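So the structure is just underneath, and the comments pick up after that.
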Amino acid sequence: DYKPGGNHPAYIGEFYNNGKYKLTRKLGWGHFSTVWLAEETITNQHVALKIVKSDKVYSEAAKDEIKVLKKLKETQKYDRYGGSGNIMKLLDNFIHEGVNGHHIVMVFEVLGENLLAMIRRYEPNGVPISYVKQITKQLLLGLDYMHRCCGIIHTDIKPENILMEIGNVEKTIQIIDSMNNKKRKNSVDSQMKELIVGATCNDVIQSEHSVSTSIHKRSKSHTLITKSQPLPSPSVISELEESLITGNDNSASPKLHNNASVNQQITVKIADLGNACWYDKHYTNSIQTREYRSPEVLLNASWGCSADIWSSACFIFELLTGDFLFEPNEGHSFSKDDDHLAQMIELLGAFPDYLLENGKNKKKFFTSKGQLRNISKLKYWPLQDVLKEKYKYTAKDANEIADFLLPMLRLDPRKRSDAGSLINHPWLKDTIGMEHITISDRKLYSVGDDIPGWSHEFTNG
Ligand code: ADP
Ligand code: MG
């Protein structure tokens with residue numbers, strides 16, 4: 001990727017924008033860019049620089065990303081519920097000329113690790129439920145703002161694109177550096193540090209994501225996993241987690257454990273608007289990362305804001321359990337898409353006529369009778385039962401979680417609940433620090449079909 005048209009070979013100590021920023025360390029990377037921690041030289045503040053690949057396709061995409069980011073910022077004055085605070089903010093942007101070409105650079109506030117790193121840290125358990133509720137409520141607040149106030153669809157909601165806020169950047173960097181020193185002395189610590197420091201760990205973990213297991217495997221029968229193994233080195237984790245979340249390295253303060261009640265406020269922010277589009281202007285129909293891809297996109301039917309709701313449900317399930325909700329695989333006689341559709345039917349029931357009629361790919365996957373063409377044996381396993389049988393939730397918890405997630409997983413994209421209405425759901429009522437947040441202009445269980453561009457690209461007339 002480090003060639004003309006690709007990434008810029010950035011290095012620590014390199015200056016940007018006429019000496020305004022100086023690179024300090026690498027934070028992560030994605031398909032379009034590498035992301036670096038930098039110091040603003042005059043103020044000594046830390047920022048994150050997203051240095052985009054130089055090829056024209058990437059630069060054009062970056063220009064669109066900047067337009068979206070600016071809209072998200074400008075619209076803040078109409079934000080009634082604070083959701084704009086759960087979206088990563090653009091601070092500055094400029095062009096950097098390097099050996100591989102002109103690179104668009106976006107400057108953001110510095111955030112911590114992405115949520116895939118957090119999921120990995122709690123494996124084989126899920127993330128503690130009190131955290132899941134905080135993350136969920138904030139994600140939905142961000143999406144409600146994006147969809148209803150800004151007319152923007154993210155199209156790539158997944159753990160890698162949701163980042164945790166760090167309380168105090170300077171302090172956290174100090175802690176990371178002191179961990180680095182300890183690491184040299186103690187090699188056991190070194191693995192933990194790799195796991196914890198968002199910067200390094202985001203890099204390591206991104207490439208490993210596909211090894212996770214899903215609840216459905218076509219080639220094997222469903223196997224029940226008892227989720228009872230202890231967390232790895234909880235004290236090390238809790239100490240750093242605490243510092244990453246609150247910027248506090250006071251070892252006398254309460255530790256976090258998987259089932260302990262958590263009294264901290266985790267702030268998370270939606271990042272990577274690089275694939276976002278407008279409610280009335282879609283750039284492509286190839287949207288969403290495989291595991292989070294909605295049925296309407298698989299079938300090449302119309303899609304809209306509600307595609308983000310589908311991905312969010314997949315993401316929330318993954319937070320709760322550590323497993324993908326859908327993890328399709330190719331077989332001898334069926335494609336990945338066939339398997340994906342089959343897994344959806346096994347969990348959620350038959351496809352609605354609306355999708356079978358409107359999906360431009362319907363004939364590829366379904367017979368005229370609405371049966372899957374390439375997969376005939378289906379094992380139905382409703383979400384409540386999966387939560388009880390595989391993940392050992394009590395009947396009460398399983399029903400409550402399913403009651404929350406199923407309106408997000410309606411196969412018919414027109415009928416999904418919108419982010420605002422889901423914020424009002426009883427499951428989120430006891431979200432620590434956010435108990436009183438409700439959306440007064442959305443009714444619980446309401447469907448988002450009054451939101452322009454909800455299930456199809458909006459056209460005027
Ligand atoms: P791409 O569009 O190339 O996928 P992203 O915006 O998703 O780029 O950034 C890639 C990775 O860099 C993220 O997954 C995250 O780990 C890290 N990252 C991005 N922005 C920040 C930030 N503001 N603070 C800290 N890390 C970040
Ligand atoms: Mg990304």
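Residue numbers run from 1 in the order of the sequence given. Keep in mind that the numbers below use all heavy atoms, side chains included, and drop hydrogens, waters and symmetry copies. As the structure is a computational prediction, the values presented were derived from the model and not from experiment.
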Enter the distance from [X]:[atom1] to [Y]:[atom2] here, rounded to the nearest 0.5 Å.
X    : Y    : atom1 : atom2 : result
T394 : E400 : OG1   : CD    : 9.0 Å
Y81  : L140 : OH    : CG    : 14.0 Å
I316 : W427 : CD1   : CH2   : 6.5 Å
C150 : K73  : SG    : NZ    : 13.5 Å
L143 : S312 : CG    : OG    : 4.5 Å
L273 : I66  : CG    : CD1   : 11.5 Å

Check: [X]/[Y] side-chain N/O donor and acceptor closer than 3.5 Å:
X    : Y    : value
Q288 : S294 : yes
D280 : T459 : no
N161 : D156 : yes
Q384 : Y393 : no
E457 : W303 : no
Y279 : W454 : no
W36  : T34  : yes
D403 : H425 : yes
N86  : Q138 : yes
N275 : H154 : no

Around Y445, counting heavy atoms of other residues, nucleotides and ligands shown, do more than 12 lie under 6.0 Å from its OH? yes
Heavy-atom distance under 4.5 Å between the side chains of L141 and I439, does that happen here? yes
Mind checking whether P426 and L444 have side chains closer than 4.5 Å, heavy atoms only? yes
Indicate yes or no for a side-chain donor-acceptor contact from [X] to the backbone of [Y] under 3.5 Å, with no hydrogens or angles considered.
X    : Y    : result
S335 : D338 : yes
T321 : D323 : yes
T284 : S286 : yes

Would you check, one step at a time, whether the test ring-ring contact (aromatic ring centres under 6.0 Å, His included) holds for F351 with F365? CA-CA 12 Å; F351 264 61; F365 303 116; 9.5 Å; no
Nearest heavy-atom approach of I152 to H147 is O-CD2, 3.2 Å
For V268, the option from L115, L163, T136, L139 that meets side-chain contact (heavy atoms from CB on, under 4.5 Å): L115
H8 ring center within less than 6.0 Å of H103 ring center: yes
Would you mind listing every side-chain hydrogen bond (donor to acceptor under 3.5 Å, both in side chains) that reaches into residues 350-367, with sequence neighbours excluded? none
Under 3.5 Å, which donor-acceptor pairs link side chains of residues 404-412 to any protein atom two or more places apart or in another chain?
unit_1 : atom_1 : unit_2 : atom_2 : d
R410   : NH1    : K415   : O      : 2.8
D412   : OD1    : R414   : N      : 3.0
D412   : OD1    : R414   : NE     : 3.1
D412   : OD2    : R414   : NE     : 3.3
D412   : OD2    : R414   : NH2    : 2.6

Salt bridge between [X] and [Y], side-chain N to carboxylate O under 4.0 Å?
X    : Y    : result
D385 : K390 : no
D441 : R148 : yes
R290 : D337 : yes
D450 : R442 : yes
K63  : E60  : yes
E65  : K70  : no
E165 : K269 : yes

Derivation of the side-chain contact (heavy atoms from CB on, under 4.5 Å) call for N17 and V105: CA-CA 9 Å; N17 206 11; V105 180; over 6 Å; no
Is there a side-chain contact (heavy atoms from CB on, under 4.5 Å) between E435 and K429 once you walk through the steps? CA-CA 5 Å; E435 293 84 352; K429 205 166 170 9; over 6 Å; no
Please name the residue in the list W310, Y292, Y391 that meets the ring-ring contact (aromatic ring centres under 6.0 Å, His included) test with F317. Y391
Tell me whether K53 forms a cation-pi arrangement with F32, defined as NZ or CZ under 6.0 Å from the six-membered ring centre and within 45 degrees of its axis. no
Derivation and outcome, side-chain contact (heavy atoms from CB on, under 4.5 Å), residues N93 and L90: CA-CA 8 Å; N93 63 282; L90 181 73; 4.2 Å; yes
